[in-house]
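Below is one structure, written out as C-alpha cells; comments come after it.
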Amino acid sequence: MNSSFFHIYAILLKEYGPQGWWPIGTVYRKRLSLTNDEKFEIIVGAILTQNTAWTNVEKALHELRRNNCLTIKALLETKQETLAQYIKSSGYNNQKAERLKIVAQFLFQYSLEELQNMDMKELRALLLSVKGIGPETADSIMLYAFMKPIFVIDAYTKRIMSRIGLCSKDSSYDELQAAITHNMEKDTENYNEYHALLVEHAKRYCRTKPLCEECVLKEVCMKRM
DNA sequence: GCCCAGGAGCCCG
DNA sequence: CGGGCTCATGGG
C-alpha cells in the first residue's frame, strides 16, 4: 500500500483541485516574488489567524485597511488599544494587538528585503526569536510571504497524518515536518498547495468527529471503520 | 448553549 | 521536554 505523503497529496489534489491560497493563486507563473505590501499583509494575516477561522481574520484585515493601519509605520504609531478594537473580530485581540506592535518593530529593524535574502535556517531562527511568532506562524510567513520551500504543520496536518498512521499522536512539530519534508521534493508551490488541501480536507471530512464513510483517503487510512 | 477555529507563551513537575 | 492553562470572537 502506497501511503506516502506524496501519494496523499496526489489524492487530495485530484479530489479538491488547486486551492489558490494566500494569496494570488497565479503568482507562481507571473512573478518570482510578492510585493512588499503583499508580504506585509501576509505576515499580519499569519498573526491574526492563530487559532482562528480565516473568515474572522478577513474582517479584521478589512478594518485595519479601512483605518489606514495596514502599514508598518501605522502599526508603530497607532495605540495598541486602538489596534485591539480594529482586530476584535479575529479573537484574542489584546494579545494579537501586542503581537502586531512587536512584529511591526521587528519589520522596522529588519527590512523585508533583508529578510527575503536570508538563508532559510537563519530566517527561521530569527522569526522564532520574535515574541508571538511560533513554529507554525514562522513557517507560514516563510512559505507564503517569502516563498521559501518549507512545509507548514498545523493542527489539521497532525490530525490527518496521525489518523492515517503516518505519524504518532505525540510526534512533535519538528518531527512531523521533517518526516514530510524528507519524503517530498522541496517545492514551494507544492508545499503551499498541500497545506491548503489538508486544511480543506480536515474541514470537510477529517473533522474532530470524522466523516470516514465518504472520505477520499479511507483506502489509505488506518482509522477507517 | 456548545463546540471549534489555519497557536503561542507561560508555568509547572 | 511535555502537559495544562489562558487568551476571545463568530459561525455552525
Side-chain angles (χ1 to χ4, degrees), chain A residues 8-9 12-13 16 18-25 39 41-64 80-106 124-148 150-163 167-178 180 188 190-211:
Chain A
I8 303 297
Y9 176 47
L12 294 178
L13 186 57
Y16 301 131
Q19 298 298 297
W21 251 33
W22 240 358
I24 319 153
K39 291 177 192 176
E41 191 170 322
I42 291 169
I43 293 169
V44 172
I47 299 290
L48 296 182
T49 198
Q50 289 169 352
N51 202 35
T52 301
W54 182 250
T55 49
N56 291 345
V57 176
E58 285 183 316
K59 296 172 190 166
L61 283 173
H62 187 261
E63 276 303 289
L64 286 175
Q80 185 173 312
E81 294 74 25
T82 308
L83 292 177
Q85 288 307 308
Y86 296 159
I87 65 172
K88 203 169 178 192
S89 69
S90 71
Y92 310 104
N93 58 330
N94 296 315
Q95 270 192 8
K96 286 175 178 176
E98 182 190 5
R99 290 177 186 180
L100 288 185
K101 297 289 279 184
I102 293 172
V103 165
Q105 289 175 42
F106 172 73
R124 190 170 195 268
L126 186 57
L127 289 171
L128 286 175
S129 73
V130 179
K131 183 181 173 187
I133 297 183
E136 188 190 334
T137 307
D139 290 342
S140 293
I141 291 171
M142 290 182 65
L143 178 67
Y144 291 105
F146 296 115
M147 297 176 76
K148 305 290 186 187
I150 194 160
F151 201 95
V152 177
I153 306 295
D154 63 357
Y156 291 149
T157 310
K158 191 167 174 183
R159 182 200 293 168
I160 293 172
M161 294 309 176
S162 65
R163 281 177 177 169
C167 76
S168 78
K169 270 182 181 148
D170 51 301
S171 53
S172 71
Y173 187 101
D174 292 337
E175 282 171 355
L176 182 51
Q177 184 180 55
I180 295 179
T188 302
N190 281 332
Y191 285 0
N192 180 331
E193 199 62 65
Y194 199 168
H195 179 65
L197 287 165
L198 288 170
V199 171
E200 184 64 19
H201 183 64
K203 283 180 176 170
R204 291 205 204 182
Y205 299 108
C206 207
R207 306 177 177 176
T208 316
K209 280 188 58 163
L211 306 175

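Keep in mind that this is a model prediction, so the values were computed, not measured. Chain letters run A, B, ... following the sequence lines, proteins first, then strands; residues in each count from 1.
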### Message
Mind checking if A/E136 touches a base, just sugar-phosphate, or nothing, with heavy atoms under 4.0 Å?
### Response
sugar-phosphate
### Message
Under the rule for ring-ring contact (aromatic ring centres under 6.0 Å, His included), what residues qualify as partners of A/Y191, not counting sequence neighbours?
### Response
A/F151
#### Entry: Secondary-structure notation, DNA chain B, from Watson-Crick and G-U pairs under 3.5 angstrom (| other strand)
.||||.|||||||
### Query
Got a sec, which residues hit side-chain hydrogen bond (donor to acceptor under 3.5 Å, both in side chains) with A/Y92, two or more places apart in sequence or on another chain?
A/N51
### Query
Quick one: side-chain contact (heavy atoms from CB on, under 4.5 Å) partners of A/K88, sequence neighbours excluded?
A/Q85, A/N93
### Task
Sticking with atom P, work out how far B/dA8 lies from C/dG10, rounded to a whole angstrom.
22 Å
### Message
What's A/L198 touching, base or sugar-phosphate or nothing? Going by heavy atoms closer than 4.0 Å.
### Response
nothing
### Message
Within the 4.0 Å heavy-atom criterion, would you say A/D170 contacts the bases, only the backbone, or no part of the nucleic acid?
### Response
nothing
### Message
Quick test of your reading: applying salt bridge (Lys or Arg N to Asp or Glu O under 4.0 Å), list the pairs with at least one residue in residues 190-203 of chain A, sequence neighbours left out, ordered by first then second residue.
### Response
A/E200-A/R204
Taking only nitrogen or oxygen atoms into account, show me every contact under 3.5 Å that the protein makes with nucleotides 10-12 of chain B, one pair per line with its distance.
none

With 3.5 Å as the limit, what N/O pairs link the protein to nucleotides 9-12 of chain C?
from	atom 1	to	atom 2	distance (Å)
C/dG10	O4'	A/N56	OD1	3.3
C/dG10	O4'	A/N56	ND2	3.2
C/dG10	O3'	A/K59	NZ	3.4
C/dG11	OP1	A/K59	NZ	2.4

### Message
What's the gap between B/dG6 and C/dC5 when it is taken at their P atoms, as a whole Å value?
### Response
23 Å
### Summary
Contacts of A/E136 meeting side-chain hydrogen bond (donor to acceptor under 3.5 Å, both in side chains) (sequence neighbours excluded), chain-then-number -> none
### Summary
So, with a heavy-atom separation below 4.0 Å from DNA chain B, the residues of residues 152-161 of chain A are A/D154, A/A155, A/Y156, A/R159
### Query
For A/D174, which residues count as a salt bridge (Lys or Arg N to Asp or Glu O under 4.0 Å) partner, sequence neighbours excluded?
A/R124
### Message
Work out how far the C1' atom of B/dG1 is from that of C/dG11, and round it to whole angstrom.
### Response
14 Å
### Message
Test of understanding: with ring-ring contact (aromatic ring centres under 6.0 Å, His included), list the residues that count as partners of A/F146, not counting sequence neighbours.
### Response
none
### Task
Output all residues satisfying side-chain hydrogen bond (donor to acceptor under 3.5 Å, both in side chains) with A/S168, sequence neighbours left out; order by chain, then residue number.
A/D170
### Query
Does a nitrogen or oxygen in the side chain of A/T137 sit under 4.0 Å from OP1 or OP2 of B/dG6?
no
